[in-house]
Amino acid sequence: MPDRAPQPVDRQLPTEEARDLVALVRDIVQREIAPHAAEQEDAGRFPREVFSLLSESGLLGLPYDSEFGGGDQPYEVYLQVLEELAAARLTVGLGVSVHSLACHALAGYGTKQQQADHLPAMLGGGLLGAYCLSEPAAGSDAASLRTKAVREGDDWVITGTKAWITHGGIADFYTVLARTGAEGARGITAFLVPGDAEGLSAAAPEKKMGMKGSPTAQLHFDGVRVPDSRRIGEEGQGFAIALSALDSGRLGIAACAIGVAQAALDEAVAYATGRQQFGRPIADFQGLRFMLADMATQIEAGRALYLSAARLRDAGRPFSKEAAMAKLFCTDAAMKVTTDAVQVLGGYGYTADFPVERLMREAKVLQIVEGTNQIQRMVVARHLAGPETR
């Protein structure tokens, strides 16, 4: 039995334009991303030039309005682009998802003047964004954040620390959630902060298990002054804006997870059909065949789940529960699939000579970011049974 080269995912795309878009992404992946992924991740190198190329190619603003430089693409197309990018290198796929998350507040809640002033550069002008909600003592309980914004005339002065910020220290702009009022969710407001604002600094990047090429850092706001024209939405509306962004962002994480899982399955199939033991390919042995079948089934189920949620979003229907389900299922599936891929490769799977060990390390973070999977279960349960009783 000959070894099998990975075949592109057979995608159901709604338009010819979408098919051309995915073909463009695959070309960029093959030329600019996949050949350098392992080396650059090992070196902890962030591929800023790739993000510049993606911006020039119109791929950083896909789900946003073309009036401001976006791609006018439905979420079901945007997410499949993310999956393709994440399969090649999670630092890129997740980075695009985070950038899109950082643009969400302004695109959805900004004034027309704010959108005209800032969105073209954010969506297609080569800028890179980051999203600042979490803090050292406010992770899953984001409504307890302590970073403050105090009004001084026509400005706001922001003081505090944000944590676990993807692109922290290298982003050109930050969507920042800060407390402007009383305790709790209703006292939070959103701001658009330039990356070079005076008083803004980043700590050294965290030393992580995986995604070493993607900087994750604390951000310190030491009296950062921003004009009221950079306040997004109404005072006190910030937490609602944040939750709205996270519903969409969770779908991005789900798509990235399926990309990572698909990459691991491709490696496992290629190895199992090419590796000879006892005079025949190890893919002939039922134990491994069943593992590969289970891996493929989880991937297809996850892809169907995130696309179903995306189509609800595209239709303007509620999708919060479905987004939580997709994030939960897809990231758990990615962890299982990548772990099984390491097992299929045996000792080779545990070495850096093959990509599956990197994929397994990267899959783990997807069960944590943008709401841990325990939080996703809470969200789903609240939709089913109502809020918890106190």
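All values derive from a computational prediction rather than experimental measurement.
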Would [X] and [Y] pass as an ion pair if we require N to O under 4.0 Å?
X      : Y      : answer
Arg311 : Glu76  : yes
Arg377 : Asp332 : yes
Glu135 : Lys162 : yes
Arg146 : Glu183 : yes
Glu41  : Arg358 : no
Arg382 : Glu388 : yes
Lys336 : Asp340 : yes
Arg313 : Asp247 : no
Arg48  : Asp172 : yes

Connected via hydrophobic side-chain network under 4.5 Å: [X] and [Y]:
X     : Y      : value
Val98 : Leu60  : no
Phe51 : Leu119 : no
Leu54 : Met122 : no

Legend entry - Aromatic ring proximity, centroids under 6.0 angstrom, His167 and Phe46: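 When the ring centroids of Phe46 and His167 are compared, they turn out to be within the sub-6.0 Å range.
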
Legend entry - Centroid-centroid under 6.0 Å between Phe191 and Tyr174 rings: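 Aromatic pair excluded; centres sit 6.0 Å or further apart.
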
With distance as the sole criterion, is a donor-acceptor pair present between the side chains of [X] and [Y] under 3.5 Å?
X      : Y      : value
Thr161 : His220 : yes
Arg230 : Gln114 : no
Glu83  : Tyr306 : yes
Gln298 : Asp294 : no
Arg186 : Gln237 : no

Legend entry - Aromatic ring pairing Tyr109/His104, orientation class (parallel under 30°, perpendicular over 60°, tilted between):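 Ring orientation, 0 to 90° scale: tilted.
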
Legend entry - Criterion side chain to side chain donor-acceptor pair (under 3.5 Å) on Arg231 and Thr189, from CA distance to verdict: CA-CA 8 Å; Arg231 171 178 49 84; Thr189 302; over 6 Å; no

Legend entry - Closest approach of Cys103 to Leu123 (non-hydrogen atoms, all atoms of both residues):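 Of all heavy-atom pairs spanning Cys103 and Leu123, the closest is SG-CD2, 3.9 Å.
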
Inset, instruction - Evaluate side chain to side chain donor-acceptor pair (under 3.5 Å) for Thr331 paired with Asn373, printing each intermediate quantity in order. - result: CA-CA 8 Å; Thr331 59; Asn373 283 5; 2.8 Å; yes

Inset, instruction - Please confirm whether the backbone N or O of Ala202 pairs with a side-chain atom of Gln218, one donor and one acceptor, at under 3.5 Å? - result: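 It does not hold such a pair.
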
